[in-house]
Amino acid sequence: MLRRLLKRHAGSSTNDSTRSLVHGILPENQGKSCRLDDEDDGGKADRLLSQLLPKYVAAELKAGREVSPKSYATATVLFSDVVGFTKMCSSSTPLEVVNMLNSVYSGFDAVINKHEAYKVATIGDAYMVVSGVPEENGKRHIAHIADISLEIMQFLADYEVPHRKGQRLRCRLGFHTGSVAAGLPIRISNYKISNDKISNDKISND
């Protein structure tokens with residue numbers, strides 16, 4: 001699907017190509033909500049594409065180059081989730097939960113943007129980050145993820161739940177170093193990584 005999409009827009013301008021890629025990789029309803037129309041200067045499309053995919057992968061796709069699945073001998077993956085999330089949800093409105101997660105993960109995003117790391121996914125209160133993929137960085141991925149973990153804990157020390165003033169948020173964090181495989185699924189939603197641990201581990205809530 002991706003190959004056909006790139007061929008179809010190979011002769012397009014950079015901005016048109018970016019918009020076409022974004023529409024092609026998003027589910028239909030998401031593509032419509034993005035409003036990437038002819039009046040868009042390409043900047044919004046570029047930002048959206050960089051949120052969906054690692055910068056290196058997005059640049060390769062925009063240039064018309066194929067990004068094949070690849071195995072990595074070593075990378076470090078960080079998992080985190082909110083302690084007591086299920087209980088908190090039961091006594092909060094949906095909007096309060098969404099606002100809380102947005103504010104928490106915006107803070108987390110600001111931390112990882114300072115490091116050689118990529119946010120793979122956020123699913124509910126689960127947050128997953130990897131370093132060393134898709135751009136390999138020797139053994140620096142361990143230090144980057146360790147620094148991210150410490151900086152996230154520092155961020156949480158000053159963070160208050162928006163709809164519960166004075167209440168702090170507790171998160172579990174853990175990371176693992178080992179081999180992974182990474183690539184783009186046939187219907188792209190984001191960049192995927194996997195190994196036996198990532199595929200089988202379940203993140204549970206209190």
Side-chain angles (χ1 to χ4, degrees), residues 1-31 33-34 36 40-80 105-106 108-123 126-145 147-148 175-199:
M1 186 277 293
L2 181 59
R3 217 175 272 170
R4 292 198 301 272
L5 184 67
L6 290 170
K7 285 181 179 178
R8 188 185 311 159
H9 301 287
S12 304
S13 67
T14 301
N15 289 348
D16 289 342
S17 177
T18 302
R19 283 195 292 270
S20 299
L21 271 174
V22 170
H23 278 298
I25 66 180
L26 283 174
E28 185 176 353
N29 62 329
Q30 285 183 296
S33 67
C34 292
L36 300 177
D40 189 280
D41 63 0
K44 292 179 182 177
D46 283 335
R47 288 194 296 273
L48 181 57
L49 195 60
S50 68
Q51 291 173 10
L52 290 168
L53 303 170
K55 291 179 182 178
Y56 169 79
V57 173
E60 290 294 289
L61 294 179
K62 284 175 60 180
R65 291 186 285 270
E66 185 174 350
V67 179
S68 301
K70 182 179 177 181
S71 294
Y72 296 82
T74 180
T76 301
V77 181
L78 167 71
F79 295 94
S80 78
Y105 291 150
S106 293
F108 286 12
D109 290 348
V111 170
I112 70 170
N113 286 339
K114 297 186 292 184
H115 298 275
E116 296 175 14
Y118 169 67
K119 179 178 67 177
V120 180
T122 54
I123 304 173
Y127 189 89
M128 181 177 172
V129 181
V130 64
S131 181
V133 174
E135 294 182 89
E136 297 175 84
N137 55 10
K139 294 182 179 180
R140 294 198 307 276
H141 50 84
I142 302 171
H144 280 291
I145 292 296
D147 287 341
I148 287 170
F175 56 87
H176 177 78
T177 298
S179 59
V180 299
L184 296 169
I186 294 175
R187 180 65 179 178
I188 308 170
S189 57
N190 59 359
Y191 190 68
K192 304 291 186 182
I193 69 169
S194 180
N195 70 5
D196 56 340
K197 295 293 184 184
I198 296 171
S199 298

**OP:** Taking Tyr118 for its side chain and Val133 for its backbone only, find out whether a donor-acceptor pair lies under 3.5 Å.
**Re:** no
**OP:** Compare all side-chain heavy atoms of Leu78 with those of Ile148 and state whether any distance is below 4.5 angstrom.
**Re:** yes
On a heavy-atom basis, which atom in [X] and which in [Y] lie closest, and how many Å separate them?
X	Y	answer
Thr177	Ile142	OG1-CG1, 3.8 Å
Phe108	Ser80	CE2-OG, 3.9 Å
Tyr105	Thr122	CD1-CG2, 4.1 Å
Ala182	Tyr72	CB-CE1, 3.8 Å

Subject >> Glu116: side-chain hydrogen bond (donor to acceptor under 3.5 Å, both in side chains) partners, not counting sequence neighbours >> reply: Asn137, Arg140
Original post:
Can you name the residues that form a side-chain hydrogen bond (donor to acceptor under 3.5 Å, both in side chains) with Asp109, not counting sequence neighbours?
Top reply: Lys119, Tyr127
Original post:
Glu60 and salt bridge (Lys or Arg N to Asp or Glu O under 4.0 Å): which partner among Lys70, Arg65, Lys55?
Top reply: Arg65
Subject >> No-hydrogen, no-angle side-chain donor-acceptor test under 3.5 Å, Thr74 and His141 >> reply: yes
